[in-house]
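This report concerns only the one structure given below.
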4 protein chains.
Amino acid sequence: MRPKDESKREAILNSAMVLINTYGLAHTSMSKIAREAGVSPATIYIYFENKDHLLITLYVEVKREMSRAILDSLDDDLEIRDAFRLMWENLYAYYLAYPDHFVFAEQFCNAPIVDAVEKEDAEGFFAPFTHLIERGQDAGVLKPVSLDLLLAFAFHPLTQLAKQHVKEGTAMDDEGLEAAFSCAWDAVAIS
Amino acid sequence: MRPKDESKREAILNSAMVLINTYGLAHTSMSKIAREAGVSPATIYIYFENKDHLLITLYVEVKREMSRAILDSLDDDLEIRDAFRLMWENLYAYYLAYPDHFVFAEQFCNAPIVDAVEKEDAEGFFAPFTHLIERGQDAGVLKPVSLDLLLAFAFHPLTQLAKQHVKEGTAMDDEGLEAAFSCAWDAVAIS
Amino acid sequence: MRPKDESKREAILNSAMVLINTYGLAHTSMSKIAREAGVSPATIYIYFENKDHLLITLYVEVKREMSRAILDSLDDDLEIRDAFRLMWENLYAYYLAYPDHFVFAEQFCNAPIVDAVEKEDAEGFFAPFTHLIERGQDAGVLKPVSLDLLLAFAFHPLTQLAKQHVKEGTAMDDEGLEAAFSCAWDAVAIS
Amino acid sequence: MRPKDESKREAILNSAMVLINTYGLAHTSMSKIAREAGVSPATIYIYFENKDHLLITLYVEVKREMSRAILDSLDDDLEIRDAFRLMWENLYAYYLAYPDHFVFAEQFCNAPIVDAVEKEDAEGFFAPFTHLIERGQDAGVLKPVSLDLLLAFAFHPLTQLAKQHVKEGTAMDDEGLEAAFSCAWDAVAIS
DNA sequence: GATGAATGAGCGTTCATTCAT
DNA sequence: AATGAATGAACGCTCATTCAT
């Protein structure tokens with residue numbers, strides 16, 4: 001027997017992402033994914049149980065890669081502000097480097113299908129953020145408010161900015177990034 | 001010729017919104033919308049040219065209502081901070097009062113179909129925000145950074161918070177709202 | 001709106017029967033039925049909830065017609081033997097006149113799907129037989145054995161004979177029919 | 001080269017029979033048969049040329065075993081009636097002992113695929129019946145009517161009765177069997 | 001204006017069979 | 001001999017839309 005072809009699995013996942021970003025979840029069919037990936041529709045079902053599983057797998061893997069990218073060069077010895085800044089830059093760099101991942105994740109997580117993602121899979125993504133924020137609060141550097149609140153101010157505006165930049169094909173320069181980070185830091189840090 | 005029945009139009013739009021929020025854009029068909037609205041599929045085409053037009057109309061109307069809600073009690077004589085605060089509270093109140101509108105808008109604006117919305121329709125929504133921010137910058141109260149950046153920090157975290165609260169069925173109390181607003185203000189105001 | 005087209009419903013049912021008799025239940029798809037009936041596959045679903053409902057409806061209607069044919073000219077005033085004979089002849093005549101009905105019913109009732117037929121629908125068919133047999137037993141003309149047993153001998157061999165005749169394109173002449181009926185009568189009557 | 005594994009062949013045939021009896025010819029796929037038999041779909045094609053061959057082989061083997069069972073203890077020295085009675089009892093016992101065989105055979109032989117069975121394979125089954133009937137007619141014990149007619153009355157009602165008993169999980173006791181046999185004998189014997 | 005009937009195209013999925021190991 | 005991977009065609013069914021009343 002032939003071994004499973006890992007490149008096929010990835011072609012399927014990537015084709016799904018590209019089509020979803022281009023035409024939307026609503027107009028991306030299994031046949032189209034298969035055609036784009038250069039396989040038979042039936043082949044998809046060797047790698048994924050059904051369409052929902054395929055989409056959820058794609059989301060979870062994208063989120064996992066995002067999570068990994070953010071942690072790059074991160075170190076517990078860094079000052080809170082520097083660590084925060086590094087994650088912020090990592091995230092923005094990731095958004096620019098893999099806009100597909102990012103655009104897909106935003107579409108997916110705003111659709112009801114996201115509720116089918118297992119909780120542990122979903123929340124793993126936020127762990128590095130959470131950890132940093134708790135560290136910052138313990139050190140008396142970050143405001144003593146709820147985690148959700150800090151998360152919303154620390155990283156969500158960046159996502160919003162990246163969304164616009166990806167759509168317009170623009171990007172922030174160092175100065176813009178510096179200004180943006182300042183806003184974020186002012187929002188969450190004790191002045 | 002009977003006049004078009006406004007209540008039918010409303011029923012169709014509302015049914016679409018409810019189904020899309022429950023099952024997703026991808027699983028909401030014209031037949032289902034018709035059944036939910038208690039009309040024939042053919043009737044929908046009397047009120048809307050086709051499915052895309054129906055969805056876009058729904059989005060634009062939802063956004064327009066949001067816009068209107070935010071402006072409630074707003075007055076150019078208010079101090080910048082107070083005006084900002086009022087809009088912030090209006091928006092959060094609207095999210096809680098009409099979670100359907102809000103959930104639908106988030107799903108829609110993260111799907112590619114949003115690109116089919118006429119620019120003037122889409123941007124009208126932001127006008128009150130824009131106007132306020134420009135006033136604040138002129139007065140030297142808000143940071144002299146790009147409009148997009150201030151918008152991202154001033155209102156986007158609130159959307160993110162509301163998304164969680166709607167999903168979990170919770171809400172911020174006055175104290176929480178105060179803390180959240182402080183973060184937003186610190187992000188955008190000159191300290 | 002257009003009224004439902006009764007001729008379409010019948011074309012669908014008849015096409016299904018013809019295809020099932022020719023190619024078997026296993027090789028008769030909704031598309032093929034639609035093509036044979038000259039309608040769109042989607043149209044079938046206006047008249048029948050799904051494939052199973054279509055097949056079951058077909059079976060029940062075929063059985064109902066058989067039942068009606070058997071009762072033709074039947075009269076409670078007839079002697080038991082004459083009534084029995086009339087039903088026997090009616091049934092054989094029906095088999096020869098509508099071999100499709102008969103062949104379909106045999107295939108259907110030997111497949112597991114027959115278990116999905118509502119009991120009352122299924123047993124209505126046997127009512128005339130049952131009634132006659134009970135009358136015969138009360139009159140002391142038929143053997144006092146179980147109903148199932150008498151039914152099995154009174155009518156099932158005829159079905160078997162008809163099956164062969166239909167397949168071979170032959171038929172019993174009057175003499176053959178007389179001989180066959182004698183066997184049946186000897187089987188069930190008190191000598 | 002390993003020798004073909006007879007137990008695998010049996011497992012495939014038996015799995016096919018079980019699935020067909022449970023879900024019907026129409027819903028029994030090669031993959032399901034393979035899964036049920038604990039082999040790969042490809043393995044089935046080592047033992048059988050294709051699906052039709054598999055089904056036909058199954059039918060022919062089932063019929064051959066039935067045929068063998070009926071002949072058990074049969075002896076040309078027996079009186080016609082006793083021989084007839086023995087075959088009748090053998091057949092009923094076989095039906096009760098191997099209801100799967102019997103249910104499968106009835107489904108199969110009422111579907112068009114039965115026409116693909118080679119004539120000699122199919123008719124071999126009836127040889128013992130035929131032989132007995134001819135002996136009985138020569139001896140002047142059985143009615144001098146066509147073979148098909150006698151066969152239809154002699155054994156077909158039993159099949160019908162067994163079908164009901166298998167479905168209901170009941171069985172005839174000795175008394176019931178005696179009564180049933182009497183009917184059959186009265187049908188075919190010269191009084 | 002409003003309807004249920006009607007449709008060809010397409011949906012997600014499984015089919016019987018073959019391939020490559 | 002035996003396998004799981006792979007497939008194009010077909011499955012049952014629903015889609016967005018239009019027709020006829």
Side-chain angles (χ1 to χ4, degrees), chain A residues 1-6 8-9 26-35 38-55, chain B residues 1-5 8-9 26-35 38-54, chain C residues 1-6 8-9 26-35 38-55, chain D residues 1-5 8-9 26-35 38-54:
Chain A
M1 64 125 193
R2 243 172 303 185
K4 273 198 197 176
D5 186 341
E6 187 59 28
K8 253 171 206 165
R9 200 187 104 103
H27 297 101
T28 299
S29 68
M30 293 298 262
S31 316
K32 286 175 184 164
I33 294 171
R35 197 176 311 124
V39 301
S40 159
T43 302
I44 298 182
Y45 291 85
I46 295 171
Y47 293 89
F48 305 95
E49 199 175 321
N50 55 37
K51 193 185 184 185
D52 275 12
H53 273 63
L54 161 56
L55 298 181
Chain B
M1 186 177 93
R2 244 173 304 173
K4 285 195 193 176
D5 184 341
K8 253 173 205 167
R9 204 188 100 101
H27 297 101
T28 298
S29 69
M30 294 296 262
S31 310
K32 286 174 184 165
I33 294 169
R35 197 178 310 125
V39 302
S40 158
T43 302
I44 298 182
Y45 289 85
I46 294 170
Y47 294 88
F48 304 95
E49 195 177 327
N50 57 34
K51 192 183 183 185
D52 274 11
H53 274 63
L54 161 56
Chain C
M1 64 128 193
R2 242 172 304 185
K4 272 198 198 180
D5 185 342
E6 188 60 27
K8 251 170 209 167
R9 202 189 103 103
H27 298 101
T28 298
S29 69
M30 293 299 263
S31 317
K32 286 174 184 164
I33 294 170
R35 199 176 309 126
V39 301
S40 158
T43 302
I44 299 182
Y45 291 88
I46 295 171
Y47 293 89
F48 305 95
E49 199 175 323
N50 56 37
K51 193 185 184 185
D52 275 12
H53 274 62
L54 162 55
L55 298 181
Chain D
M1 185 178 94
R2 246 173 302 175
K4 285 194 193 175
D5 185 340
K8 252 172 207 170
R9 206 188 98 101
H27 297 101
T28 299
S29 69
M30 294 296 262
S31 309
K32 286 174 183 164
I33 294 169
R35 197 178 308 126
V39 302
S40 161
T43 303
I44 298 182
Y45 290 85
I46 294 169
Y47 293 89
F48 305 96
E49 195 176 326
N50 57 35
K51 192 182 183 184
D52 274 11
H53 275 63
L54 162 56

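Order of the sequence lines sets the chain letters (A, B, ...), proteins ahead of strands, with each chain counted from 1.
- Of the candidate nucleotides dT3(F), dA5(E), dA6(E), dA5(E) has the atom lying nearest to any side-chain atom of Lys4(C).
- For His27(A) against Lys32(A), the heavy-atom pair with the smallest separation is O-NZ, 3.1 Å.
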Next item on the list: Could you provide the dot-bracket string of DNA chain E, using ( ) for intrastrand pairs, [ ] for crossing pairs and | for bases paired to another strand, with Watson-Crick or G-U pairs below 3.5 Å?
Entry: .||||||||||||||||||||
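- Shown here are the side-chain contact (heavy atoms from CB on, under 4.5 Å) partners of Ala26(D), two or more places apart in sequence or in another chain: Ala26(C).
- Scored by the side chain to side chain donor-acceptor pair (under 3.5 Å) test, His53(D) finds Glu49(D), Asn50(D) as partners (sequence neighbours excluded).
- Here Ile33(C) contributes atom CD1 and Leu54(C) contributes atom CG; the two are 5.0 Å apart, rounded to the nearest 0.5 Å.
- Under 4.0 angstrom from either OP1 or OP2 of dA1(F) there lies no side-chain N or O belonging to Tyr47(D).
- In this structure a side-chain-to-backbone donor-acceptor pair under 3.5 Å is missing from Lys4(C) to Arg9(C).
- Residues Asp5(C) and Ile46(B) both approach DNA chain E. Their nearest nucleotides, taken by heavy-atom distance, put Ile46(B) toward the 5′ side.
- Counting heavy atoms from C-beta outward, Ile46(A) and Lys8(A) have side chains that stay 4.5 Å or more apart.
- By the side-chain contact (heavy atoms from CB on, under 4.5 Å) test, Ala42(D) pairs with Ser40(D), sequence neighbours left out.
- One can place CZ of Phe48(A) at 18 Å from C1' of dT14(E), the figure rounded to the nearest angstrom.
- Remark: C1' of dG1(E) and CZ of Arg9(B) are 16 Å apart, rounded to the nearest angstrom.
- Phosphate contact (OP1/OP2 of dA5(F), side-chain N/O of Lys8(A), threshold under 4.0 Å): absent.
- With sequence neighbours left out, the side chain to side chain donor-acceptor pair (under 3.5 Å) criterion links Asp5(A) to Ser7(A).
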Note to self: Please encode protein proximity along nucleotides 12-19 of chain F as a string of B, S and -, counting only heavy-atom distances under 4.0 Å.
What the structure shows: SBBBSBBB
